[in-house]
Amino acid sequence: MSHHKLEVKDLHYSYPDGHKAVKGMSFCIHHGESVGIIGANGAGKSTLLMLLMGVLFPSQGEVCVGDVHVTKKTLPMIRQSLGMVFQDPDDQLFMNTVYDDVAFGPRNYKLDEKEVEKRVLNALELVGILHLKDRAPFKLSGGEKRAAAIASVLSMQPDILIMDEPTAALDPKSRRKVMELLTSFKHTKVITSHDLDMIFEMCDRTIVIKNGEIAADGVTSEILVNAELMDACGLEIPLALQNCPVCGITKV
Amino acid sequence: MANIMNSLYNMRLLDDLSRQETVIHKLHPLIKLLTTVSYLTVVVSFGRYEIGGLLSLFLYPVMVFTLGELPVKPIFLRILLVSPFIIGIGILNPFFDHQIYLLGGIEISRGWVTFLAILIKSGLTVTAALLLIATTGMDRLAGALRMMKIPRIFVLQLLLTYRYISVLMEEVARTLRAYSLRAPRQKGVHRSAWGSLAGQLILRTFDRAQRIYEAMCLRGFTGEYHTGGFKEIRVWDLSYFIGWVFFFAVARMYNIPMLIGSLITGVIR
Ligand SMILES: Nc1ncnc2c1ncn2[C@@H]1O[C@H](COP(=O)(O)OP(=O)(O)O)[C@@H](O)[C@H]1O
Ligand SMILES: [Mg+2]
């Protein structure tokens with residue numbers, strides 16, 4: 001199915017203050033792939049995602065979803081097939097109840113209320129917070145908020161799921177839960193993070209970004225063990241792959 | 001400063017209250033809106049010296065408070081929040097209007113009577129508006145406004161402003177907390193920090209509001225705010241409305257407290 005393809009050609013973007021955040025990125029993500037985008041703070045990951053979603057428009061180059069260019073005109077269509085979970089769930093949850101928040105997307109697509117309810121309950125069930133549906137989002141814990149934010153995107157049944165640092169600021173159990181949840185999502189996934197252990201577990205392919213440029217693009221298990229590359233990009237080898245300080249077993 | 005922050009965090013109290021399920025909450029939003037509008041109209045229509053007649057209108061908020069099982073204190077605090085404005089508007093009356101007015105044999109300046117009337121009227125209108133939000137919720141209220149064919153853009157403006165207030169308050173609370181943690185011995189914010197604090201606050205809230213708006217757009221938001229379906233208006237809803245309107249009309253036309261008073265004195269004689 002080619003309409004789930006996500007292609008970026010020679011993408012450039014400068015912020016209004018003149019800061020060049022993205023400098024000539026090109027890549028193509030195919031249907032069903034799960035891709036990790038890693039890079040130090042300020043490398044341009046969030047900016048890249050904003051460009052993919054059409055929140056920002058590139059100053060040069062283009063983004064294609066399927067065979068459609070992302071432009072102002074095609075946005076409504078594009079956004080039905082792309083779902084993005086923000087870095088800060090507080091930005092995404094703004095209604096009075098979790099239920100209304102998750103229903104926000106489907107209602108905007110004018111589904112009838114029965115279908116909306118079905119989708120909302122489904123999504124909440126999937127992320128395991130059905131019991132929180134009548135609570136106020138701003139009163140949830142970090143992990144619950146994240147789950148609610150993910151549900152609010154899943155209820156729109158996107159073909160491609162885009163997530164900005166999904167495990168940031170989560171405790172180990174919540175992090176594990178979010179990871180399981182994402183693994184169960186079988187469509188195309190694009191995940192940015194500097195939680196390299198998560199990327200190592202969840203993504204087959206990794207794109208490394210450094211100062212707005214692509215430093216490497218390839219199979220995760222090859223890229224993440226490349227100590228030199230990681231170091232140059234302000235990252236380090238995932239803990240799971242590092243030598244064990246307690247038992248002294250050498251892994252790499 | 002902990003006090004300010006607590007009350008700020010309670011900003012969304014009205015939203016919380018609106019999720020209860022009492023007789024009042026279950027009424028159709030449109031009915032509640034219309035009842036409130038007629039109430040406001042009647043309250044405002046009273047003349048400058050008619051304090052007596054106004055008193056019977058206290059019945060409405062009292063009933064809604066009771067039936068809606070709303071806590072009096074926090075809502076009262078919110079009314080106090082606007083009281084400086086009300087007092088500011090009314091306070092000049094006693095100075096300009098020195099005519100003598102006889103109230104049960106006691107001579108008082110008419111200026112004070114008008115001041116009191118303004119105070120009561122504003123108090124009642126603000127209370128009625130808060131009660132409407134606390135029993136209906138902003139989202140459903142917006143739906144009701146749309147049913148009344150109020151243009152989409154106005155309703156949206158209202159909703160987003162309401163959202164923005166809580167965003168702003170949260171940022172205020174965060175900023176103040178960060179400040180007070182690093183200036184522990186201080187009462188309030190030192191004036192040397194006011195400028196940068198306020199500036200930061202505006203930039204940050206703009207930023208957040210922007211991101212929230214983007215998140216809305218990403219989920220297919222095009223300007224129409226859907227709040228789910230509405231139930232139909234039941235006979236009970238209608239009778240609630242008609243009952244109140246009848247009461248308001250009677251209260252407007254007759255001075256009920258005086259009637260009751262003369263009735264009682266009449267019986268005693
Ligand atoms: N609104 C903005 N205006 C100007 N520069 C920005 C803005 N947002 C981000 N930047 C800059 O763009 C670069 C990339 O930011 P970002 O994409 O958020 O990084 P990441 O998500 O990888 O941490 C950073 O150097 C940052 O300072
Ligand atoms: Mg980021």
Side-chain angles (χ1 to χ4, degrees), chain A residues 46 49-50 52-56 72 75-117 120 133-139 149 151-156 158 162 164, chain B residues 8-21 25 133-134 136-143 156 159-171 173-174 203-231:
Chain A
S46 299
L49 296 192
M50 291 295 169
L52 293 183
M53 295 299 299
V55 173
L56 304 174
K72 282 235 162 70
L75 271 189
M77 214 170 86
I78 300 280
R79 284 177 176 169
Q80 269 194 46
S81 55
L82 295 185
M84 170 153 174
V85 180
F86 276 53
Q87 182 165 350
D88 184 354
D90 280 327
D91 292 340
Q92 200 163 353
L93 306 170
F94 47 83
M95 303 286 279
N96 285 331
T97 63
V98 172
Y99 183 97
D100 279 337
D101 239 318
V102 178
F104 183 79
R107 277 176 184 161
N108 279 333
Y109 289 111
K110 307 240 162 58
L111 301 175
D112 71 281
E113 203 53 29
K114 273 236 173 69
E115 170 73 12
V116 171
E117 182 176 357
V120 171
K133 73 178 166 52
D134 294 321
R135 292 273 296 278
F138 64 96
K139 283 186 183 161
S152 74
V153 170
L154 290 185
S155 66
M156 295 171 52
I162 294 182
D164 202 356
Chain B
L8 289 183
Y9 267 129
N10 277 332
M11 257 309 289
R12 305 216 204 183
L13 174 95
L14 293 180
D15 295 331
D16 278 356
L17 290 177
S18 72
R19 272 198 299 279
Q20 288 178 323
E21 296 235 334
H25 286 82
I133 300 178
T136 312
M138 212 52 179
D139 297 344
R140 268 172 287 171
L141 198 56
L156 197 65
L159 264 172
L160 294 186
T161 310
Y162 187 71
R163 280 280 154 269
Y164 183 72
I165 292 176
S166 38
V167 168
L168 179 71
M169 289 306 176
E170 279 164 22
E171 290 296 335
R174 275 193 225 184
L203 289 180
R204 275 170 48 179
T205 44
F206 273 18
D207 241 32
R208 252 202 88 194
Q210 175 85 27
R211 268 176 289 145
I212 291 177
Y213 180 68
E214 276 162 10
M216 291 169 81
C217 288
L218 287 186
R219 290 197 270 156
F221 180 72
T222 49
E224 185 74 79
Y225 203 83
H226 306 276
T227 39
F230 271 135
K231 295 169 302 188

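Every chain is numbered from 1, with letters handed out A, B, ... down the list of sequences. The analysis underlying the following values was restricted to heavy atoms, covering all of them including side chains, and did not include hydrogens, waters or symmetry mates.
Neither the backbone nor the side chain of A:A103 comes within contact range of chain B, judged by heavy atoms closer than 4.5 Å. Heavy-atom distances place both the backbone and the side chain of A:D90 under 4.5 Å from chain B. Looking at A:V55, the atoms closer than 4.5 Å to chain B (heavy atoms on both sides) all sit in the side chain, from C-beta outward. Contacts of A:M156 with chain B are made by side-chain atoms alone, with heavy-atom separations under 4.5 Å and no backbone atom involved. Residue A:S155: no heavy atom, backbone or side chain, is found under 4.5 Å from chain B. For B:R211, the parts lying under 4.5 angstrom from a heavy atom of chain A are both the backbone and the side chain.
Scanning for side chain to side chain donor-acceptor pair (under 3.5 Å) contacts around A:E115 gives A:R119, with sequence neighbours left out.
Counting only residues at least two apart or in different chains, salt bridge (Lys or Arg N to Asp or Glu O under 4.0 Å) contacts with residues 213-223 of chain B comprise A:D101-B:R219.
Per-residue counts of heavy-atom pairs under 4.5 Å with chain B were compared for A:G105, A:A136, A:S152; the largest is that of A:S152.
Each of A:M84, A:Q92, A:M50 was scored for a side-chain contact (heavy atoms from CB on, under 4.5 Å) with B:L218, with one residue passing: A:M84.
Rounding to the nearest 0.5 angstrom, the gap separating the CG atom in A:D91 from the CE atom in B:M216 is 12.5 Å. Between the CG atom in B:D16 and the CZ atom in A:R135 there is a gap of 10.0 Å [rounded to 0.5 Å].
Counting heavy atoms of neighbouring residues, nucleotides and ligands inside a 6.0 Å radius, atom OH of B:Y213 does not exceed 12 of them.
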